[in-house]
Amino acid sequence: MSLFWFLIIIGVSIFVHELGHYLAARAQGVRVKAFSLGFGPILLRRQAWGTEWRLSAIPLGGYADIEGLLPEERGRGYDALPFLGKLLVLVAGVVMNVLLAWGLLAYLFSAQGVPEATGRAVILEVLPGSVAERAGLRAGDILVAVDGTPLAQAQGIERVKTPGNHTLTVRRQGQELTLSLTWQEGMERLGVVYQPEVAFRKVGFLEGLSLAVSRSLAFGPQMAKALVGGLLGVLAGNPDSGVVGPLGIVAETGRAAQEGPFRLLELTVAINLSLALFNLLRIPALDGGRILLLFLSRFLRIRPEQEAMVHYLGFVFLILLVILVTFQDLRRLLGG
């Protein structure tokens, strides 16, 4: 089932991305010779609306073969478009991924609710023999207050790390209990693993869409920084780069499928936002690389053959990057 849901999520994400390029080209009267979901050997093909629609064997990408992108097609199709027309074709894939992510987030916020931290701390694990275990804390407890003062944020649990006697107000299976904890000089660890408690507030679809847009824009710079840092870590051989490749996504999809449809939709949102950011990187063969060359062509004379070679080298680099990330996935999954 992990592979099945992986193929569905990746397939939808890639199809939406390439559909953006397709629609932007066709809207400007540019012919799209072929539209493929996947790379490599063609499994299925069908001719419709002047385009050959393909399903190919390697489900890790796709392409829209737009007339005018190749050196031998200079002066036709895409190549004959004005600057803004070309830019529209190049950015349309990223825009479609972002729109899909916003739409799915809006649905999640309206159906499941908007996740909001309550300020309380959920105890995930209590270490044997720890101060927390002696105080009576258990996994699943919700810490409500320390010394009678309600928690404003989960990190408030650290207030017990002052010498003396403390009271902990916890909610356990719907009942509120008061526990006693004594912290002594020299103690270092409380002995719990915890996370903020999250409550879900349901909103209408339009409000959910507004929140989806504002939250994704707010976290966009952090996501971009993490992505670039992770890719640099992969190139440097850092096994903890944080970048996940196809095998890692398959494993994550399996875990998400076990948690339910909402978790699968959350994963789809994350993949589409990541795909949009990745494609905006200034790497040749990606949309971001093509956009960079498009702007440079306004000031420099770049021959079509030179641009084609740059994109070819960029494609080779991307293949090597996928191989490196896949090796990291294998090491991670095998515990190496």
Side-chain angles (χ1 to χ4, degrees), residues 10-39 42 44-56 60-104 209 213 216-217 220 271-315 318:
I10 290 296
V12 169
S13 303
I14 293 171
F15 176 80
V16 165
H17 182 90
E18 298 303 331
L19 184 64
H21 295 310
Y22 171 87
L23 292 175
R26 291 302 301 267
Q28 300 180 85
V30 176
R31 186 168 73 96
V32 180
K33 295 175 289 183
F35 183 108
S36 178
L37 185 59
F39 293 123
I42 300 172
L44 296 172
R45 65 177 79 205
R46 181 181 177 183
Q47 196 76 25
W49 306 301
T51 300
E52 183 177 89
W53 300 81
R54 302 169 178 173
L55 179 63
S56 301
L60 298 180
Y63 57 89
D65 188 0
I66 300 171
E67 185 180 41
L69 281 176
L70 298 177
E72 59 268 23
E73 297 172 339
R74 188 173 184 181
R76 291 186 285 152
Y78 168 86
D79 191 59
L81 292 175
F83 174 82
L84 289 180
K86 292 177 180 178
L87 184 61
L88 176 62
V89 171
L90 295 178
V91 303
V94 168
V95 170
M96 288 290 281
N97 283 128
V98 172
L99 290 178
L100 176 60
W102 285 349
L104 291 177
L209 183 59
V213 174
S216 60
L217 291 177
I271 287 175
N272 274 270
L273 291 177
S274 298
L275 186 61
L277 288 172
F278 181 73
N279 270 281
L280 284 177
L281 295 177
R282 301 300 188 253
I283 299 174
L286 293 179
D287 296 335
R290 291 186 180 276
I291 292 170
L292 176 61
L293 287 177
L294 178 63
F295 276 94
L296 289 177
S297 66
R298 305 197 75 183
F299 309 101
L300 302 173
R301 185 178 178 182
I302 303 175
R303 296 198 304 272
E305 298 79 9
Q306 294 173 323
E307 183 174 350
M309 177 55 68
V310 169
H311 290 312
Y312 173 77
L313 294 175
F315 183 75
L318 291 174

J.: Can you name the closest pair of heavy atoms from Gly20 and Ala92 and give their distance?
T.: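 The answer is O-CB, 3.1 Å.
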J.: Under 3.5 Å, side chain of Ser297 to main-chain N/O of Leu294, donor-acceptor pair present?
T.: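 Side chain of Ser297 to backbone of Leu294: a pair is present.
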J.: Are side-chain heavy atoms of Leu87 and Phe295 found at a separation under 4.5 Å?
T.: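 Yes. Closest side-chain heavy atoms under 4.5 Å.
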J.: Might you point out which heavy atoms bring Trp102 and Leu209 nearest each other, and give the distance in Å?
T.: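 Looking at all heavy atoms of both residues, the closest pair is O-CD1, 3.9 Å.
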J.: Which atoms form the tightest heavy-atom contact between Ile14 and Gly62, and what is the distance?
T.: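 Answer, listing the atom of Ile14 first, then Gly62: CG2-N, 3.7 Å.
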J.: Hey, are the side chains of Arg31 and Thr51 touching, using non-hydrogen atoms and a 4.5 Å cut-off?
T.: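 They are not in contact (no side-chain heavy atoms under 4.5 Å apart), so the answer is no.
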J.: Hey, are the side chains of Val30 and Leu81 touching, using non-hydrogen atoms and a 4.5 Å cut-off?
T.: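 When only atoms from C-beta onward are counted, Leu81 and Val30 do touch, with a gap below 4.5 Å.
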J.: Between atom CD1 of Ile291 and atom CZ of Arg282, what is the distance when rounded to the nearest 0.5 Å?
T.: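 Atom-to-atom, Ile291:CD1 and Arg282:CZ are 6.0 Å apart.
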J.: So, do Val12 and Leu100 sit near enough that their side-chain heavy atoms are less than 4.5 Å apart?
T.: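 The answer is yes, as the side chains (C-beta and beyond) meet within the 4.5 Å cut-off.
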J.: Does a side-chain heavy-atom distance below 4.5 Å link Lys33 with Leu70?
T.: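 Yes, side chains in contact.
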J.: Would you say the side chain of Phe35 lies within less than 4.5 Å of the side chain of Trp49, judging by non-hydrogen atoms?
T.: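 No; the side chains remain at least 4.5 Å from each other.
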J.: Take a 6.0 Å sphere around OH of Tyr312 and say whether it holds more than 12 heavy atoms from other residues, nucleotides or ligands.
T.: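 Atom OH in Tyr312 is not packed in, count stays at 12 or less.
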J.: Roughly how far, to the nearest 0.5 Å, is CG of Leu55 from CZ of Phe15?
T.: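 Those atoms lie 11.5 Å apart.
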J.: Rounded at 0.5 Å granularity, tell me how far CG in Leu292 sits from CG in Leu286.
T.: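 Reported value, rounded in 0.5 Å steps: 11.5 Å.
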J.: How long is the straight-line distance from CE of Met96 back to NE2 of His21, given to the nearest 0.5 Å?
T.: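 The distance works out to 10.5 Å.
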J.: Check the orientation of Tyr63 and Phe39. Use parallel for under 30°, tilted for 30 to 60°, and perpendicular for over 60°.
T.: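 The arrangement is parallel - the two ring planes meet at less than 30°.
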J.: Can you name the residues that form a side chain to side chain donor-acceptor pair (under 3.5 Å) with Glu18, not counting sequence neighbours?
T.: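 In terms of side chain to side chain donor-acceptor pair (under 3.5 Å), with neighbours along the sequence ignored, Glu18 is linked to no residue.
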J.: If you look at every heavy atom in Ala276 and Val98, which pair is closest and at what distance?
T.: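 Minimum heavy-atom separation between Ala276 and Val98: CB-CG2, 3.8 Å.
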J.: I want to check something: taking the side chain as every heavy atom from C-beta on, are Leu293 and Leu296 in contact at a cut-off of under 4.5 Å?
T.: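 Sidechains of Leu296 and Leu293: in contact.
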J.: For atom CZ of Arg76, is the number of surrounding heavy atoms from other residues, nucleotides or ligands below 6.0 Å larger than 12?
T.: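 Yes, CZ of Arg76 has more than 12 neighbouring heavy atoms, counting only those of other groups under 6.0 Å.
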J.: Working to the nearest 0.5 angstrom, can you tell me the gap between Leu104 CG and Asn272 CG?
T.: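 Reported to 0.5 Å precision, the distance equals 7.0 Å.
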J.: Between Ala25 and Val32, which heavy-atom pair has the shortest distance, and what is it?
T.: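 For Ala25 versus Val32, the nearest heavy atoms are CB-CG2, 4.0 Å.
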J.: Enter the distance from Arg301:CZ to Gln306:CD here, rounded to the nearest 0.5 Å.
T.: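 CD of Gln306 is found 9.0 Å from CZ of Arg301.
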J.: Locate the shortest heavy-atom distance separating Leu318 from Pro284; write the atom from each residue and the value.
T.: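 Between these two residues, the closest heavy atoms are CD1-O, 4.3 Å.
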